[in-house]
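Every chain is numbered from 1, with letters handed out A, B, ... down the list of sequences.
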Amino acid sequence: SQKIEQNSEALNIQEGKTATLTCNYTNYSPAYLQWYRQDPGRGPVFLLLIRENEKEKRKERLKVTFDTTLKQSLFHITASQPADSATYLCALRDTGGFKTIFGAGTRLFVKA
Amino acid sequence: SQTIHQWPATLVQPVGSPLSLECTVEGTSNPNLYWYRQAAGRGLQLLFYSVGIGQISSEVPQNLSASRPQDRQFILSSKKLLLSDSGFYLCAWEQDRAKDTQYFGPGTRLTVL
């Protein structure tokens, strides 16, 4: 069956450290993978997209890697800040499809 | 610039009552439109998507329906709500040409009692 999985346990880290979130998928052939941020009671906000032929993408303090052999994406926030505390969702679009499939998200807490 | 609106922001409805949630997009044309539901602490469940006026694809068979009467208007409806319909309903749009980023509305918190 098709699955997209994120660590359901919350991630607690100290301010200034690097947060690393994991997204694994099975039985998909994604054209690309995305990461979104969601704050409580709000809609998700797009952060980064990485395509199947890309290994790494960066944007300011954010870095995403994509390993199609391992079927895994890692999302890194360097020099984390309390304002980075939120739920982070990974999502993928299957090749040729109209649907974006979302993971359940990982809650990140950054302590000052 | 593009904006997406949803209303109402919150709604409390009794079991068996009807539902109508509205979503409108401004500043773009011919967007792909999506309805998602998010249960507490859960991921986004795709309910419906539309690639054009009157074109609706349903992902989950249930007592909900969707309509797209105008290019930038997407409506989620139900004739009789169930307790299990409670959740956070999100509308999203994407530019058909690019198809690579979804932009979400502020959401509607629905509680069915």
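- In the hydrophobic clustering of this structure, Leu33(B) groups with Ile4(B); members are Ile, Leu, Val, Met, Phe, Trp, Tyr whose side-chain heavy atoms approach within less than 4.5 Å, directly or through other members.
- Within the 4.5 angstrom heavy-atom criterion, atoms from both the backbone and the side chain of Leu44(B) approach chain A.
- Annotation: Gln14(A), atom CD; neighbour count of heavy atoms from other residues, nucleotides and ligands within 6.0 Å is above 12.
- Note on Arg109(B), Gln45(B), Gln38(B): by heavy-atom pairs under 4.5 Å with chain A, the leading option is Gln38(B).
- The same ILVMFWY cluster, assembled from side-chain heavy atoms under 4.5 Å apart, contains both Tyr25(A) and Tyr88(A).
- Identified by a heavy-atom distance below 4.5 Å to chain B, the contributing residues of residues 35-47 of chain A are Tyr36(A), Gln38(A), Gly41(A), Arg42(A), Gly43(A), Pro44(A), Phe46(A), in residue-number order.
- Atom CD of residue Glu59(B) and atom CD1 of residue Ile101(A) lie 7.0 Å apart, to the nearest 0.5 angstrom.
- Under the 4.5 Å side-chain heavy-atom criterion for Ile, Leu, Val, Met, Phe, Trp and Tyr, Leu46(B) and Phe104(B) are members of the same hydrophobic cluster.
- The contact list for residues 103-112 of chain A toward chain B, using heavy atoms and a distance under 4.5 Å, reads Gly103(A), Ala104(A) by residue number.
- Using a 4.5 Å cut-off between non-hydrogen atoms, no part of residues 58-67 of chain A approaches chain B.
- Both Val51(B) and Tyr34(B) belong to a single network of hydrophobic side chains, linked directly or stepwise wherever heavy atoms of I, L, V, M, F, W or Y lie under 4.5 Å apart.
- Residues of residues 73-90 of chain B lying under 4.5 angstrom from chain A, judged on non-hydrogen atoms, are Phe88(B), Leu90(B) in numerical order.
- Rounded to the nearest 0.5 angstrom, Gln102(B) CD and Arg93(A) CZ are separated by 5.5 Å.
- Heavy atoms of Tyr36(B) lying under 4.5 Å from chain A belong exclusively to its side chain.
- For chain A, no part of Gln6(B) is nearby; none of its heavy atoms comes within less than 4.5 Å.
- Taken together through direct or relayed side-chain contacts under 4.5 Å among Ile, Leu, Val, Met, Phe, Trp and Tyr, Tyr103(B) and Tyr49(B) form parts of separate hydrophobic clusters.
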